[in-house]
There are 2 protein chains.
Amino acid sequence: MTTLLQRAEAAGLRMTGHRRLVAEVLEGGGHPDVETVHEAAARRDPGISIATVYRALNLFEEAGLVEKREFGDGRARWEDAAQDHHDHLIDVATGEVIEFTSPEIEELQRRIAESLGYELVDHRLELFGRRRR
Amino acid sequence: MTTLLQRAEAAGLRMTGHRRLVAEVLEGGGHPDVETVHEAAARRDPGISIATVYRALNLFEEAGLVEKREFGDGRARWEDAAQDHHDHLIDVATGEVIEFTSPEIEELQRRIAESLGYELVDHRLELFGRRRR
DNA sequence: GTACGTGCAAAGGCTTTGCAAATGC
DNA sequence: GCATTTGCAAAGCCTTTGCACGTAC
């Protein structure tokens, strides 16, 4: 299992201290927004600016190493793209994000796109739910 | 079949001339962004400001009459909520938005949420595709 | 030494908002 | 008349960017 850092180096990116920090934060998992990534990185190197975090995230995204998500609250969330593909369920009460996978849904989506005359290149699926008591 | 205007009145909203214009534009269908709604409304009454369009759309949304969509390009798109529920396929080459419905996917989503211990309250599904030749 | 990375502050894009004037009922 | 709506411009929020300075190799 390769780390984000290893994949970034394999992609030919120059991995400076700051970029390493951002990569390590993302490896911590979750779906942090930019500010959260910045705070976590700044805990280890207070010198890192938020502009650098933005630039690093965009750089990683262009290289296909991380994924940008929009959950509808106006700011982007980021996650390591190394993991298997998954979708998200957002707890409407707490904002908690739960990951899940469903080969069935993936296949159904592909078939729907096809029936409309399209080749599926990407998709976005978010469920919003309320925890059952 | 009720119009957006009729539903807005039924909801107790004061439907001024400007709000009527915004409602009529949305009834024209499609997935217009705010600027597009404003342009269309201003064609009929050049006096309407974009602030009023924003306020009308948010008002309608709070009343559950229209839906706000985010397709990842940074601006919101709006549509009349009267129609049957549907999802969207976005043509990655042209940005064209195609609506579709799939009871199978709806049901699958409900079951997935349930298996995670959640009651599904909403969802968002967008497919991104490339037209097949 | 040259290209690249970074901090800072300014600017950009979309959206909201404070305020005074206009409008609806 | 009085509350609500509206236009305008300013401000807010997230994100990007210009520029000068630092750093990597």
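Order of the sequence lines sets the chain letters (A, B, ...), proteins ahead of strands, with each chain counted from 1.
Taking the six-membered ring where tryptophan is involved, the planes of H88(B) and H31(B) are perpendicular, since the angle between them exceeds 60° and thus also 30°.
The two residues R130(A) and V92(A) come nearest to each other via the heavy atoms NH1-CG2, 3.9 Å. Across E70(B) and A76(B), no two heavy atoms sit closer than the pair OE1-CA, 4.3 Å.
Taking a cutoff of 4.0 Å between a charged side-chain nitrogen and a carboxylate oxygen, D80(A) and R7(A) qualify as a salt bridge. Salt-bridge annotation for R124(A) and E126(B): present, with a side-chain N of the basic residue lying under 4.0 Å from a carboxylate O of the acidic one. Under the 4.0 Å criterion applied to side-chain N and carboxylate O atoms, E79(A) and R77(A) are not assigned as salt-bridge partners. We find that E114(A) and R110(A) are joined by a salt bridge, their nearest charged nitrogen and carboxylate oxygen being less than 4.0 Å apart.
For H123(B) and H85(B), the gap between ring centers is short of 6.0 Å.
You'll find the side chain of I112(A) stays beyond 4.5 Å of the side chain of Y118(A), heavy atoms only. Looking at heavy atoms from C-beta onward, R19(A) lies out of side-chain contact with R55(A) at the 4.5 angstrom threshold.
Interatomic distance, CG of D33(B) versus CH2 of W78(B), reported as 11.5 Å (0.5 Å rounding).
One can place CZ of R19(A) at 19 Å from P of dG22(D), the figure rounded to the nearest angstrom. Atom CG in L13(A) sits roughly 17 Å away from atom P in dA24(D) (whole-Å rounding). Taking atom CG of residue L59(A) and atom C1' of nucleotide dT15(D), one finds them 16 Å apart after rounding to whole Å. With rounding to whole Å, H38(A) atom NE2 is found 14 Å from dT15(D) atom C1'. Whole-Å rounding puts the I48(A) CD1 to dG22(D) C1' distance at 15 Å. Between the P atom of dT6(D) and the CG atom of L21(B) lies a distance of 10 Å, rounded to the nearest Å.
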What N/O pairs connect the protein and nucleotides 10-16 of chain C at under 3.5 Å? Give each pair on its own line.
residue	atom	partner	partner atom	Å
dT15(C)	OP1	A76(B)	N	2.9
dT15(C)	OP2	Y54(B)	OH	2.6
dT15(C)	O5'	Y54(B)	OH	3.2
dT16(C)	OP2	N58(B)	ND2	2.9

Tabulate protein N/O versus nucleotide N/O from nucleotides 20-25 of chain C, keeping only pairs under 3.5 Å, one per line.
residue	atom	partner	partner atom	Å
dG24(C)	O4'	R14(B)	NH1	3.4

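Taken together, the paired segments of DNA chain C that extend over three or more consecutive Watson-Crick or G-U pairs, each closer than 3.5 Å at both contacts, are C:1-25 with D:1-25.
Side-chain nitrogen and oxygen atoms of H18(A) include at least one within less than 4.0 Å of the OP1 or OP2 phosphate oxygen of dG7(C).
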